[in-house]
Amino acid sequence: MKYDVVIANGTLFLSYGEMGKRDIGVKDGRIVAVEDRLEKSDADIVINASDKVVVPGFVDSHIHMDKAFSADADCCCGLLDACNHSKQELTAYYQGWSSEDIISDMMENIEKVVQQCIVNGTSAVRTNVAVNPVVRTAGLQAVNRIREKYKEKIDILVTADCPTGMEKEWEDALRHGWIDFIGGYPNLKEDARTHRICYDDRKLRNAEYIFALSEKYKLPVDLHCDESDEPDFTLFRYICEQTWRRQMEGEVTVSHITALGARGAEEEAVADAIAWCAKAGVHVTTLTGQNLFLMPEDRRGTTRVKQLRDAGVRVAIASDNVRDAFCPFGNYDLMEEALLTAQVHKLGTDRELLDIMNMITYFPAASCKLEAYGLLPGCAANLVILDADYVPEALRSQAKKSYVMHLGKIVAKNGKIV
Ligand SMILES: [Zn+2]
């Protein structure tokens, strides 16, 4: 067979671990062969991957493209402060703008995000997009225009919540195909009197509403859940149980659940909630960098990654807020987030680091419901060639991304977009 590209002699990262020294043949955007040795003389491009690791393209399953690079985090003293600060900034900034002006302003930022993701080896992102009375659906339109523009270079998926009073516009956006996942913040509400964001004690009812939307529109669910410093994770437990009762295994993702790691959390209750999560096949996303930054100084602020993994829960690591009111750090570099997560949770053995690599590849791919993902014949040729000879070393040394390939085309090389 004549291949478009042959990646020769690389160490491959498969979901269960490494496979040493194989050739990958790529044709028409797909991986068509993985063998000890492939015929290379006819191939258009041959990449020598000896002493390199080949991993499937990274999947950043929880970001906020429409907020990125928007503000400093000067006044952040926790989640609610950040929410209110972000809301005020957005209102002040976009007040009186036309929808088209908001869209083009947002597109500039979103394009910057997307380029940074591509350079860092990310082949798919799932972004939350805010729908609210200030920007209405401008964010959705901006993201979708960029999605179309970059469709040959990266897959962009969209999560959006349906705020009260905006049901009609949200439904229109659904019909346009601008939304792929039902989002939501069931723990939070806007106070009717002060208009400030605060915690909502009707969180279970809010979750009910989100499940009803999911059922009505036949879309999977991707939620912010129990992102607090109080040891109350009843929402998490409830969502897991509901997922199981509604037979929605694999259709629900919850992010944050920092409450699981809060001081005072009862071990028995934690174990029970995690067992439900595993049983129901609920995906979890941990947002290490952002959670560390937003939580109080006297605690760690992340969820229980190790315990979730020990129970068999598929945990993804994602970038979340990057350089906005919620967090002044981040580079849309999942290798960086992965190393930070490994350090914080003391996951340092080779075996544990292989699992960490799963958390930025196969696990988020499952949460995002990506099809034909991986390095086997038939998969989309979305991959990264890392300058290290085995996966744990690639993470420890933050190996250079020599090549980033999307649908069989080289889209970035040595940190530059091609
Ligand atoms: Zn988020």
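Numbering of residues begins at 1 and proceeds along the displayed sequence. One-based numbering, in listed order, for ligands and for the atoms of each.
- Checking side-chain atoms of Asn187 against main-chain N and O of Cys225 turns up no donor-acceptor pair under 3.5 Å.
- Vertex the Zn ion (ligand 1), arms ending at NE2 of His64 and NE2 of His224: the angle is 100° after rounding to 10 degrees.
- Ion pairing of Lys168 with Asp172 is present here, as a side-chain N (NZ or NE/NH1/NH2) and a carboxylate O approach within less than 4.0 Å.
- Ring centers of Phe13 and Tyr362: under 6.0 Å apart, within the cut-off.
- Atom OD1 is the N, O or S atom of Asp320 at the shortest distance from the Zn ion (ligand 1).
- Coordination check, His62 versus the Zn ion (ligand 1): passed, since an N/O/S atom of the residue sits under 2.8 Å.
- By the 30° and 60° cut-offs, the orientation of the rings of Trp97 relative to Tyr94 is perpendicular.
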